[in-house]
Amino acid sequence: MRMVFGLVLLIGVALAGGAVYLARGYISEHQNALAEQRAQNIELTQIIVAKEPLRYGEQIELSDVSLVKWPVVALPEGAFQAPEELFSRGENELRVVLRAIEKGEPILAVKVTEPGQNAGLTSTLTKGMRAFTINVDVSTGVSGFLRPGDTVDVYWTGRQFNGNRNGGDVTKLIDTRLKIIAIDQQASGDLDGPQVARTITVEVRPQQVAKLAHAQNSGRLSLALVGAEDDTVANVNDVDQRALLGVVEEVAAEVEQEEVCTIRTRRGAEVVEIPIPCTN
C-alpha cells in the first residue's frame, strides 16, 4: 500500500514539474513573439551620431561619426540622416562643432557650423543682430557665474543732469533679456566652474549698440542674470539716493500774503508809514 502511495506521489510531482516547464516555455515564447511584433511595428531610420566626444571648435571628420538606427517618431529636429547631408560639399569641407557633443549623441544642425564656416562669433550671431562687448568685474559680472547662452538684464549707474546742473547718481534699467554669446575670448558654453570675466559679449539689435556704447562711456554697467525658465520682462523705475533711502521730498506750500497799503507822512524830521485800506 505504501509503495502504491509513493508511486502515485512521484507521478504527481513529475506531472506538475512538466506542466510548469511547459507553461514557462509557452510564456517565454509568447513574450518573444510580442517583442518581435512590436519591433516590426516601429518604423526605424538612420541618423548620424558621434563616435567619440566632440568639443567646441573641433572640426568634424567622416571618421568621427557613424550611422545608427533610430525610431522615426523620436527623430530629433535638425538630425543628419546621411553623410552626404553633413558633408554636402565633400568630406574635406570645414564643419566645426559649436556646442559639445557626447559619444552616441545625434549630431544636430544647431550644434555645428554651416559648411565652410569656422566657429567664430559670426557663425553664432542671429541674422540682423550685432555683437557688443561690456566691461565687467567680479561684482558687475555676477561673480563669474555667467555662461555663453545665458540671458541678462543691463543696468546703468551714473550722474543724471537736471538742465545745466549735475544731479545725484541714479541707476536705470536700460536693456532686458540680452543673450550672452561670449565670455572674454571664449564662445563655448563648456566652462569648468565660475570664471571671473573681464568682458561679456552680448547679442543686440543695431539700434541698441549706440545706447550701450554711450551708457558704458558715461557710467557703469551692471548685469543681472535671468533664470532659464523666466519669461518675465523687468520693469524698474529709476533709483537714486532719495528713493533708495525712502526720503520723500517735501514741497513747501506757498502762503498767500495779505496786501498792505500805506501812506507816508512827515512828522518833523521823521517819516512815518501809516496803514490805510487798499483800493483797487
Side-chain angles (χ1 to χ4, degrees), residues 24-131 145-151 179-195 201-203 226-229 231:
R24 180 183 294 178
Y26 174 77
I27 293 173
S28 178
E29 184 179 352
H30 182 65
Q31 289 177 340
N32 292 337
L34 287 176
E36 185 178 353
Q37 183 178 4
R38 291 195 188 100
Q40 291 177 353
N41 291 336
I42 297 177
E43 185 179 358
L44 300 176
T45 186
Q46 61 181 16
I47 63 173
I48 295 179
V49 300
K51 285 184 179 180
E52 300 294 337
L54 300 173
R55 295 295 176 251
Y56 174 84
E58 292 186 22
Q59 183 175 347
I60 303 176
E61 299 179 357
L62 186 60
S63 58
D64 297 327
V65 301
S66 61
L67 283 171
V68 299
K69 295 293 185 181
W70 200 274
V72 174
V73 294
L75 188 65
E77 183 178 358
F80 298 97
Q81 297 184 263
E84 294 77 17
E85 295 181 6
L86 181 60
F87 304 103
S88 56
R89 299 179 187 173
E91 298 179 13
N92 296 324
E93 74 172 350
L94 181 65
R95 199 114 195 205
V96 183
V97 178
L98 291 176
R99 303 179 191 173
I101 304 173
E102 301 301 328
K103 180 180 179 180
E105 182 181 349
I107 295 180
L108 307 179
V110 296
K111 292 196 172 187
V112 297
T113 62
E114 292 294 328
Q117 286 186 345
N118 58 31
L121 287 183
T122 54
S123 61
T124 60
L125 275 174
T126 306
K127 183 178 180 180
M129 304 295 280
R130 304 292 185 266
F145 288 101
L146 298 176
R147 295 288 182 273
D150 288 344
T151 304
K179 179 184 176 183
I180 297 176
I181 57 176
I183 307 290
D184 288 335
Q185 285 76 45
Q186 178 62 267
S188 170
D190 306 325
L191 301 179
D192 298 328
Q195 176 179 323
T201 303
V202 294
E203 184 181 69
V226 180
E229 302 297 330
D231 58 354

Legend entry - Short side-chain to backbone donor-acceptor contact, Thr113 and Val96, under 3.5 Å: yes
Inset, instruction - Quick one: closest heavy-atom pair of Ile47 and Ala79, and the distance? - result: CG2-CB, 4.3 Å
Inset, instruction - Taking all non-hydrogen atoms of both residues into account, name the closest pair between Glu85 and Phe80 and its distance. - result: OE1-CA, 3.5 Å
Inset, instruction - Output the distance between atom CD1 (Ile181) and atom CG (Asp150), rounded to the nearest 0.5 Å. - result: 13.0 Å
Inset, instruction - Could you grab the distance from atom CG of Asp184 to atom OG1 of Thr201, nearest 0.5 Å is fine? - result: 8.5 Å
Inset, instruction - Report the residues that fulfil salt bridge (Lys or Arg N to Asp or Glu O under 4.0 Å) with Glu77, sequence neighbours left out, ordered by chain and then residue number. - result: none
Legend entry - Under the side chain to side chain donor-acceptor pair (under 3.5 Å) test, residues paired with Thr126 that sit two or more places apart: Glu203
Legend entry - Minimum heavy-atom distance between Trp70 and Pro76, given as atom pair plus value: NE1-CD, 3.7 Å
Inset, instruction - Identify the heavy atoms of Gln59 and Asp64 that sit nearest to each other, and give their distance. - result: O-OD2, 3.7 Å
Inset, instruction - Answer yes or no: is there an ion pair linking Arg55 with Glu102, defined by an N-O contact shorter than 4.0 Å? - result: yes
Inset, instruction - Kindly write out the residues that satisfy salt bridge (Lys or Arg N to Asp or Glu O under 4.0 Å) with Glu105, not counting sequence neighbours, or none if the list is empty. - result: Lys111
Inset, instruction - Side-chain contact test, heavy atoms from C-beta onward, threshold under 4.5 Å: evaluate it for Val65 versus Pro83 and give yes or no. - result: no
Legend entry - Gap between atom CD1 of Ile107 and atom NZ of Lys51 - 0.5 Å precision: 11.0 Å
Inset, instruction - Supply the atom-to-atom distance Ile101 CD1 to Leu108 CG, rounded to the nearest 0.5 angstrom. - result: 7.5 Å
Inset, instruction - To the nearest 0.5 Å, tell me how far Leu67 CG sits from Thr45 OG1. - result: 9.5 Å
Inset, instruction - Please name the pair of heavy atoms, one in Ile183 and one in Pro148, separated by the smallest distance, quoted to 0.1 Å. - result: CG1-CD, 3.5 Å
Legend entry - Reported CG-to-CD distance for the pair Leu98 and Glu114, which is rounded to 0.5 angstrom: 9.5 Å
Legend entry - Least distance between heavy atoms, Arg99 atom then Val110 atom: NE-O, 4.0 Å
